[in-house]
Amino acid sequence: MHPSRPEKVRFAPSPTGFFHVGSARTILYNWLVARQTHGSLLLRIDDTDTERNREEWVDGIYRAIQWLSLDWDEGPIRQSSRIEHYQSVAFDLLKSGHAYWCDCTRDAVEARKAPGTPPGYDGFCRDRGLEQGPGRALRFRVPDAEVIVSDLIRGEVTFPRGSIEDFIILKSSLAPLYVLANVIDDIDFAITTVLRAEEHLPTTPKAVLIHQALGAPIPQFGHLPVLVNEQRRKLSKRRDRVAVEDYRQLGYLPEPMINYLALLGWNPGDDREFFTLAELVQAFSLDRVGHSPAFFDEQRLLHFNKSYLASLPMASFATVARPFVAALITMHPDGEERFARIAPEVQTRIGTLSELPKMIGFLFTFAPDYVELVGKLRADDLSYLTQASATLLDLKDFTAGEIETCLRACADSLGTNLRKLQAPIRLAVTGAPVGPPLFSSMAILGQNECVARINALAQTAANSHP
Ligand code: GLU
């Protein structure tokens with residue numbers, strides 16, 4: 001890439017499913033190149049495959065880009081609105097001798113083949129001079145030479161002579177093939193750099209040949225490394241969590257997602273981990289994008305999310321957390337106040353925001369399975385609960401500090417330690433063996449509610465072990 005040239009890039013998703021984390025990385029890298037070269041990013045919707053496209057997936061593309069806080073400068077261009085144009089360019093290629101009509105069926109091609117001949121079309125109709133007609137597709141006449149794709153990430157990739165068949169550019173229905181539409185758009189919209197997923201590398205020599213046949217300058221290509229799972233298998237929507245929307249719903253935030261995606265293939269050159277989008281614009285460079293498969297590690301993403309949540313100012317944390325707990329908050333008259341008080345206690349304890357309802361739900365609504373809780377009690381716990389309830393009832397200032405002091409003294413008098421005393425109290429008050437800091441949670445719940453909950457568990461335990 002010329003460091004000073006404004007690059008015109010494009011992001012060209014096909015609306016055939018949920019927006020994939022791989023697509024998120026592709027738009028991110030394109031966006032970064034556009035921003036750092038003061039160039040521009042075109043959004044193109046590659047919707048020529050009418051059988052697989054759905055309008056809701058198109059909306060999903062816009063939503064995901066917006067959620068990631070990225071944007072585009074031009075478009076969206078819909079390929080489906082340009083079909084006639086692609087057809088007319090295909091006819092130009094026919095006129096200039098770069099394409100020909102072919103009526104071979106796949107079976108006929110196979111039947112002609114001697115064993116051991118390479119797969120693909122054998123060029124049977126090249127010089128038959130067929131006219132357009134039913135059942136005839138338009139094929140591109142591939143020159144008898146090797147094709148070299150110069151790739152920003154992989155260097156020169158050579159496709160040997162004979163390795164590319166005369167490929168179809170218009171079906172017999174006159175539907176344009178994807179590779180043709182793709183190249184025509186890249187030419188018409190003056191794309192200078194094509195950054196896309198590695199899976200498109202095998203069709204890139206075809207793109208180069210079409211560019212040449214149309215006398216158009218060839219953009220720079222860069223094929224981004226494939227994303228793989230822990231087993232080093234390509235991420236797949238059947239096996240792996242790949243939809244950006246799923247991560248959003250789980251309570252991942254766009255900033256750490258962007259940060260993590262940036263590092264999936266790009267190596268900053270040192271061990272720096274955390275980047276804002278603005279910092280990425282400064283630091284990112286395609287020179288440091290590798291070609292080996294990049295492991296999409298959910299645990300590492302979780303680490304980024306957790307660190308990001310922990311770094312937020314309190315008010316921002318409360319804002320991003322709110323949608324995940326909004327329903328809970330309305331379940332208690334003091335819901336707002338309780339949420340405001342618990343938020344600082346849990347901010348650094350969660351990896352994703354969707355952990356919140358389970359963690360702090362006891363502050364808003366409480367209907368535990370007492371039989372199950374009793375089952376978790378140990379031998380001395382009933383006496384601990386009874387004693388703790390009595391001393392807590394006498395406490396004047398029901399603050400976290402006072403509660404702790406009181407329970408320490410209570411543990412001493414019971415001949416145990418605070419940790420052991422705390423365990424059944426936590427079960428009684430929160431309904432779970434782990435959770436946010438106990439004394440703060442108790443202070444938020446208030447004296448009456450804490451004592452009532454402790455008594456309720458103690459009572460059930462007493463009744464079940466008479
Ligand atoms: N539409 C293709 C896809 O969604 C991308 C093609 C390209 O970037 O050239 O995978």
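Indexing begins at 1, ligand by ligand and atom by atom, following the structure's order. FYI, the numbering just counts along the sequence from 1.
With ring centers used as reference points, Phe284 lies under 6.0 Å from Tyr29. Ring pair Phe167/Tyr121: centre-to-centre distance not below 6.0 Å.
Ligand 1 places these atoms under 4.0 Å from at least one heavy atom of Asn182: 6 (C), 7 (C), 9 (O). Residue contact check: Asp46 has heavy atoms under 4.0 Å from atoms 1 (N), 2 (C), 6 (C) of ligand 1.
Regarding atom 1 (N) of ligand 1, its nearest protein heavy-atom neighbour is Ala12 O, 2.6 Å.
For Tyr178, every heavy-atom contact with ligand 1 shorter than 4.0 Å involves the side chain, none the backbone. The proximity of Ser14 to ligand 1, defined as any non-hydrogen pair under 4.0 Å, involves the side chain as well as the backbone.
Assignment of Pro13 to the shell around ligand 1 is supported, since a heavy atom sits closer than 4.0 Å.
From Asp46, atom CG reaches atom CD1 of Ile61 across 9.0 Å, with rounding to the nearest 0.5 Å.
Side chain of Asn305 to backbone of Gly251: a donor-acceptor contact under 3.5 angstrom is found.
Each of Arg10, Lys8, Arg44 was evaluated against Glu74; a single residue qualifies, Lys8, per the salt bridge (Lys or Arg N to Asp or Glu O under 4.0 Å) test.
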Criterion ring pair (Phe, Tyr, Trp, His ring centres under 6.0 Å) on Phe19 and Trp67, from CA distance to verdict: CA-CA 11 Å; Phe19 195 86; Trp67 181 74; 9.8 Å; no
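Around atom 9 (O) of ligand 1, the closest heavy atom drawn from His200, His20, Arg10 belongs to Arg10.
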